[in-house]
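Structure first, then comments.
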Amino acid sequence: MSGLGPLLQRGNMLVCCGSGGVGKTTIAASLAVAGARAGLRACVVTIDPARRLADALGLETLPNVAHRVPLDLSDGLPSGELWALMLDPKSTFDALVERYAESPDQAQRILDNRLYRNISGALSGTQEYMAAEKLYELAEEGRFDLLVVDTPPSRNALDFLEAPARLTRFLDNRLFRLVVAPARSYLKAVSMAAQAFVRTVAKVVGAEVVDDAVAFFQAFEGMEEGFRDRAERVDRLLGGDGTAFVLVASARKDTVAEAIYFTDRLVEMGKSPQALVANRLHPRFGRDGSESLTDLAASDRARADSLGEDTPLGALYANLAEFRQVAEREDEVLATLVEKVSPAPVCRVPYLEGDVSDLQSLERVAQILTA
Amino acid sequence: MSAAAFLRQARVVIVIGKGGVGKTTVSAALARAASLAGIDSLVVEIEGKGGLASAFEYPGELDYRETVLHPGDASKGEGEVRGRTLRADEALVEYLEEHAMGRLSKRLLSAGAVDVVATAVPGIKDILVLGKVKQLEREHPAELIILDAPASGHAISFLAGAGSLLDAVRAGPIRAQAQDVVDLLTDPNRSQVLIVTLAEEMPVNEAAEVAAAVEDQVGAHLGPVVVNAVYPKRESLPRDTPAAALAEQNSIHLRPGEAEALDAAAKSRHGRNELQERHLRRLRELLPLPQVELPFLFTASIGGRELDRLAVSMAAALEALD
Ligand SMILES: Nc1ncnc2c1ncn2[C@@H]1O[C@H](COP(=O)(O)OP(=O)(O)OP(=O)(O)O)[C@@H](O)[C@H]1O
Ligand SMILES: Nc1ncnc2c1ncn2[C@@H]1O[C@H](COP(=O)(O)OP(=O)(O)OP(=O)(O)O)[C@@H](O)[C@H]1O
Ligand SMILES: [Mg+2]
Ligand SMILES: [Mg+2]
């Protein structure tokens, strides 16, 4: 097995990252299928899958609980197990609150707070953090050989790396301290600014909102330590050797630019992407590699022009030239990224007609990923 | 209807759709179509990724200051296209500063003051962004304002936020702001919403869902659905005659593998055309709105020339509407 095959090893965790809509959920599910096919007990943690994929994975019911997904093994190949879990960020967060609260009463006060109830939906970074948290939990449990985690549909791939810090900063409630803590003299000016700020916010959006916020941070007092400690362990797991980042990109300038940026940040953290999946590419037709796509497209174009595009043969050439032109543009767009992630393997997944929304098509993608 | 008449129907056009379907490209093409019809426009990008600038071959990055993206050829009576960004975080900070104590201190910002407000009042950023659009509409009465909205999923909460805030907040400046936004969104003479989609499974389903939500939850007026990147049909592309036979007729010598490549590419093209056709039909059934199709361009990435082609297609499609 080659392609991404070597990543499918007992004890590994694969994190699928990429810009919005590039195919993270699809690739994550396919990698888990590939893992199962390689004889492992593989579990995919998905986030917000398209409805038909969720149905195919049997995820329409309980979130946050791993389900066994039956694979059709009629081909007689040896196989492990496929499991799938749909992340529910809110209840993952609730469980964390319950774990770190000093008393059930404190937990309840937080869970009932209106600001807290908004966090999962409104504070960016929360979903990303909870995905990492769930991964940590599953890794600790050790029930699975291979964990594949999908990352949330955020705008930027980078959110996954930066979100935990953003959330911990939020929960560190420095603003709250500035507002209520007896100001040390050198902080006095800031503290007064903070209080003025809070008063204005109250004027603009209503006093209840501010009361909720203050009540939330009051309730949270004492729990930051536990949270921070947990976040550090999650961070260590993500930075560890068993974790491989699989970068998913489409052949679009903006998603490639983002993937490059993401790679740079990973490298700063002392990691690097372990694989690149270039997804939804146009098909490549009859190319033995000796001629460049540019030359081929140009000669096809010339043929089409001399025959006339409205003749059957001319139309065949014109059509082939168009496909080669797109393929050329895709290769061009991907070139810098391919070089950047080198020597990590690059896997090209074509655009599959229909949609990748059932087990059969996931198996097809799985085969392409490991071919 | 002439393209000009369509473009003068409402002063603000809000372009929404799933990530990557072509919202930015369509916004740019619409602006250029307006320019060709002699109408000035301002394109406002909310989550700028540089696509707008590169479609107009503008060398820099856009920011909150308005920039000329295309001067328009005055001798041909063309209008000007300008662009700017309008980031949600900036809109929130700006609003708080206007209503608060002047510049927010760095310290407060880094203590997460803005995050706390945005979390405590979900949707506040969206309302402030749209409130700013309303202000732009007032400042530029003669212009078409094209809003390149965030990816949907998000799009409905983006548009419906003001309405839900009205239910939740009784009084105060933010309520007044939300009321202004609702007024803008529900007046068909002031704004219309264009849904951009692709002729594919999920995007079609999403477009239908989003359309229903825009009407029911936002009460906004829907313009035609823009179906982007439709593979143009090649009428003369043979279906059953293999390339080898045609080559023989034309006494053309094919290189090894060439016949197979030509045939496979033709099969793929027909397959795509048919698949898209099916999804276009499905879209018509699910969503009884006029459709505007824009061609998939095989050429290198979208720059000025490609944009002009899309603008011309857009104008022609708009003219074909009743
Ligand atoms: N190779 C492929 N060929 C055809 N369709 C594909 C392919 N890969 C993904 N898709 C389709 O593209 C759509 C988006 O894929 P997916 O949901 O996996 O992306 P994502 O990166 O998880 O998106 P988000 O950022 O919104 O979570 C889905 O409808 C999926 O079925
Ligand atoms: N008609 C078309 N033909 C060929 N390529 C296109 C066409 N429309 C858009 N594209 C290309 O598809 C990509 C996505 O388009 P665009 O950036 O406009 O989408 P978007 O919906 O604004 O994306 P996002 O949700 O990321 O903001 C770009 O690389 C663009 O150049
Ligand atoms: Mg996804
Ligand atoms: Mg865009």
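Since we're looking at a predicted model, the values are computed, not measured. In what follows, every heavy atom counts, from backbone to side chain, and hydrogens, waters and symmetry copies are set aside.
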Side chain, backbone, both or neither: which part of B:A118 has an atom under 4.5 Å from a heavy atom of chain A?
backbone
Tell me, side chain or backbone of B:E200 under 4.5 Å from chain A's heavy atoms, or both, or neither?
side chain
At a 4.5 Å cut-off on heavy atoms, which part of B:R239 comes close to chain A: side chain, backbone, both, or neither?
neither
What residues, two or more places apart in sequence or in another chain, satisfy salt bridge (Lys or Arg N to Asp or Glu O under 4.0 Å) together with B:K233?
B:E277
Heavy-atom distance under 4.5 Å to chain B: side chain of A:S306, backbone, both or neither?
neither
Region of B:L275 in contact with chain A, defined by heavy-atom distances below 4.5 Å
side chain
Taking side chain as everything from C-beta outward and backbone as N, CA, C, O, which of these in B:R272 sits under 4.5 Å from a heavy atom of chain A? Side chain, backbone, both or neither.
both
With only heavy atoms counted, which part of A:R117 is less than 4.5 Å from chain B, the side chain, the backbone, both or neither?
neither
Top contributor to chain B interface from A:S357, A:G21, A:P312 [non-hydrogen pairs under 4.5 Å]
A:P312
Measure centre to centre between the rings of A:H282 and B:F296, then say whether the value is under 6.0 Å.
yes
Compare every heavy atom of A:L316 with every heavy atom of B:A266, then report the nearest pair and how far apart it is.
CB-CD2, 3.5 Å
Can you tell me which portion of B:I252 sits under 4.5 Å from chain A's heavy atoms? Options are side chain, backbone, both or neither.
side chain
At a heavy-atom separation under 4.5 Å, does A:R114 approach chain B through its side chain, its backbone, both, or neither?
neither
Between B:Y231 and A:E322, a side-chain donor and acceptor under 3.5 Å:
no
Would a 4.5 Å heavy-atom cut-off, applied to side chains only, mark A:R52 and B:E201 as touching?
yes
Side chain, backbone, both or neither: which part of B:D115 has a non-hydrogen atom closer than 4.5 Å to chain A?
both
Which of B:L262, B:V117, B:L246 touches chain A most, by non-hydrogen pairs under 4.5 Å:
B:L262
Ignoring hydrogens, what is the shortest heavy-atom contact between B:T119 and A:F170? Give both atom names and the distance.
OG1-CE1, 3.8 Å
Atom group of B:L254 that falls short of 4.5 Å from chain A, counting heavy atoms
side chain
When A:A315, A:A213, A:A257 are compared by non-hydrogen pairs under 4.5 Å with chain B, the top option
A:A315
Least distance between heavy atoms, A:D300 atom then B:E258 atom:
OD1-OE2, 4.3 Å
Interatomic spacing from CD in B:E248 to CG in A:L313 - rounded to 0.5 Å:
12.0 Å
Heavy-atom pairs under 4.5 Å with chain B are the metric here; pick the option from A:E309, A:R252, A:E208 that has the most.
A:E309
For each of B:Q249, B:K125, B:R175, B:R255, tally heavy-atom pairs with chain A at distances under 4.5 Å, and name the one with the top tally.
B:R255
Crowding at CD, B:Q179 (>12 non-hydrogen neighbours, <6.0 Å)
yes
Segment of B:R269 engaging chain A (4.5 angstrom heavy-atom cut-off)
both
If you tally heavy-atom pairs under 4.5 Å against chain B, which of A:V22, A:V326, A:L115, A:N118 wins?
A:N118
More than 12 heavy atoms from other groups under 6.0 Å of CZ on A:R228
yes
Are any side-chain N or O atoms of A:N319 and backbone N or O atoms of B:A265, one a donor and one an acceptor, separated by less than 3.5 Å?
yes
So for atom CZ, which belongs to B:R87, do other residues, nucleotides or ligands contribute more than 12 heavy atoms lying within a distance under 6.0 Å?
no
Report which part of A:Y317 has an atom under 4.5 Å of a heavy atom belonging to chain B: side chain, backbone, both, or neither.
both
Heavy-atom closest pair (B:S268 atom, A:F323 atom, distance to 0.1 Å) is OG-CZ, 3.8 Å
